2 protein chains.
Amino acid sequence: MRSALELFTRQGYERTTVDEIADAVDVSQRTFFRYFGNKEEVAFATQESAERHFFAALCGRPADEAPLTALRHAVLDAWGATGDAIEQMVPPELHMRMYRLIESTPSLLAVHLRRTAELEERLAREIARREGLDIDTDPRPRLVVAMFGGVIRVAGKLWVEGQDDSTVTLRDITAFHLDYVGPALAEQWDK
Amino acid sequence: MRSALELFTRQGYERTTVDEIADAVDVSQRTFFRYFGNKEEVAFATQESAERHFFAALCGRPADEAPLTALRHAVLDAWGATGDAIEQMVPPELHMRMYRLIESTPSLLAVHLRRTAELEERLAREIARREGLDIDTDPRPRLVVAMFGGVIRVAGKLWVEGQDDSTVTLRDITAFHLDYVGPALAEQWDK
DNA sequence: TGTCATTTGTCAGACGCTGACATTAGCCTC
DNA sequence: GAGGCTAATGTCAGCGTCTGACAAATGACA
């Protein structure tokens, strides 16, 4: 995994073949495909970890917190503590470089957005559970998550476009944008 | 294109090979790839048309309309008049079946979401232009579009999950969800 | 009719990915 | 330590997407 991410970030995703990755760690191509379902999967290994952290953080928030507040805390928590699970696999700086690469590689961006959509579905179900709502009849859980997700995406995109690639900056940009729309979203929730 | 969509909707996207599509219209596989950059492209030909319509509709809205109002009119307009450009290429019913297939095929969904993100970027720039804002310093154009896009996605998803596959139903679901969050979003805009 | 540009076909090959089968490695038991 | 079991790995063949290079065909026009 570390070898793959290093190759990806050094020479680009498309220009890195599975054979190269496999050769770098002296295994056959077939073995690579036994551990990763496809080439994309290895590219999202650290994202996967961060997302799990995010979801777990949401589930750990106190039950009396409003949905948006809980989401906000969870995402800032997950991105602040990027190190936790990821550091053991790859250097955090590699994780960040990979995030940039994902945002700037069309095929990876597509997969990233789909993964995000799946995560949002799980988030919406968790919000519904917290609030005791039926997700099939009440649109609010999905709506609040969808809009929240939109804000996160905008923040991430701005970060990628910018120069400063520290984790802290990403956190700050995210917090700023959430503050911007938070009140309106919270209001709409109570309607 | 029509042959491709018919094959896709009949036997699934993955289970349809490019050779099959090419054979169906008696051309070589190489010729197919000269007209479509890849297999996905042909699957999104009608979506492309609908999106262009949507964007054009937004550009045609009166300048004094609030951003969200303009977006709302544009999307309902584009989805109501699906026939316009599409009917000349494929039957509208095929377009709708294809939309369902996209939402339910992971690889296509991924591309769909990326295309949507690209469209949203253009929408945000148009909103910024209308309002005389600088998109690089004012986050509001991107935020309002991102949240608007989230609502559209939720509506589309619910439609796909449901049984009624008429265009009208999709329009109604979309309108309903927009009404739900519209006021709050409008309020946040003026803040 | 000959010339030229555009379109199409053919061929070979890279790359991602999979199934089938052989080989090896590690480990437990006797 | 020999035998045998299981899990991991390698090898091989093949499908499908996609690309570059070159040849053949097509059509328009002088």
Side-chain angles (χ1 to χ4, degrees), chain A residues 1-48 88-90 94 97-99 101-115 118, chain B residues 1-48 88-90 98-99 101-115 118:
Chain A
M1 213 189 85
R2 212 175 317 129
S3 294
L5 297 196
E6 257 150 27
L7 285 168
F8 287 159
T9 53
R10 196 182 322 139
Q11 58 195 27
Y13 176 73
E14 324 265 10
R15 275 187 300 280
T16 305
T17 67
V18 174
D19 283 319
E20 276 181 281
I21 303 169
D23 286 351
V25 285
D26 277 307
V27 293
S28 68
Q29 193 213 52
R30 195 65 183 87
T31 298
F32 172 91
F33 282 114
R34 274 194 259 261
Y35 286 86
F36 302 98
N38 48 51
K39 188 179 161 186
E40 281 144 13
E41 206 171 303
V42 64
F44 287 95
T46 62
Q47 307 295 322
E48 164 76 33
Q88 291 166 15
M89 302 188 286
V90 302
L94 186 54
R97 279 217 311 261
M98 198 58 212
Y99 184 70
L101 185 63
I102 288 172
E103 285 277 346
S104 60
T105 305
S107 61
L108 288 183
L109 177 57
V111 175
H112 176 59
L113 292 172
R114 178 170 52 77
R115 292 173 51 88
E118 283 160 10
Chain B
M1 211 190 86
R2 211 175 317 132
S3 293
L5 297 196
E6 257 151 26
L7 284 168
F8 287 160
T9 53
R10 196 179 324 137
Q11 59 194 28
Y13 175 74
E14 323 266 10
R15 274 188 302 280
T16 304
T17 68
V18 174
D19 284 318
E20 275 181 282
I21 302 170
D23 286 350
V25 285
D26 278 307
V27 293
S28 69
Q29 192 213 56
R30 195 65 183 84
T31 298
F32 173 93
F33 281 114
R34 273 194 261 259
Y35 286 85
F36 303 98
N38 49 50
K39 187 179 162 187
E40 281 145 12
E41 206 170 302
V42 63
F44 286 95
T46 63
Q47 308 293 321
E48 164 75 31
Q88 291 164 16
M89 301 188 288
V90 302
M98 198 57 213
Y99 183 68
L101 186 64
I102 289 171
E103 284 276 345
S104 60
T105 305
S107 60
L108 288 183
L109 177 57
V111 174
H112 176 58
L113 292 172
R114 177 170 52 77
R115 292 173 52 87
E118 283 159 11

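Quick note on labels: first sequence line is chain A, next is B, and so on, each numbered from 1. Fair warning: this is a prediction, and the values are worked out from it, not measured in the lab.
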Ion pair B/E118/B/R114, N-O distance below 4.0 Å: yes
Criterion side-chain contact (heavy atoms from CB on, under 4.5 Å) on B/M1 and B/Y35, from CA distance to verdict: CA-CA 10 Å; B/M1 211 190 86; B/Y35 286 85; over 6 Å; no
Atom pair CD/OG1 of B/Q11 and B/T17 - distance to nearest 0.5 Å: 8.0 Å
Separation of B/D19 CG from B/Q29 CD (nearest 0.5 Å): 4.5 Å
Nucleotide interval of DNA chain D bounded by contacts with chain A (heavy-atom cut-off, under 4.0 Å): D/dA8 to D/dT11
Nearest-0.5 Å distance, CG of residue A/L5 to CZ of residue A/R97: 9.5 Å
Any A/V18 side-chain heavy atom under 4.5 Å of A/F36 side chain: no
Sugar-phosphate only, base, or nothing, as touched by B/Y35 at under 4.0 Å among non-hydrogen atoms: sugar-phosphate
Pairwise 5' ranking along DNA chain C for A/F32 and B/T31, keeping only the more 5' one: B/T31
More than 12 heavy atoms from other groups under 6.0 Å of CZ on B/R115: yes
Interatomic spacing from OG1 in B/T105 to CD1 in B/I102 - rounded to 0.5 Å: 8.0 Å
Interatomic distance, B/R30 CZ vs C/dT7 C1' [rounded to whole Å]: 12 Å
Protein and nucleotides 13-16 of chain C: nitrogen or oxygen contacts under 3.5 angstrom:
residue : atom : partner : partner atom : Å
C/dG16  : OP1  : A/K39   : NZ           : 3.1
C/dG16  : OP2  : A/V18   : N            : 3.1

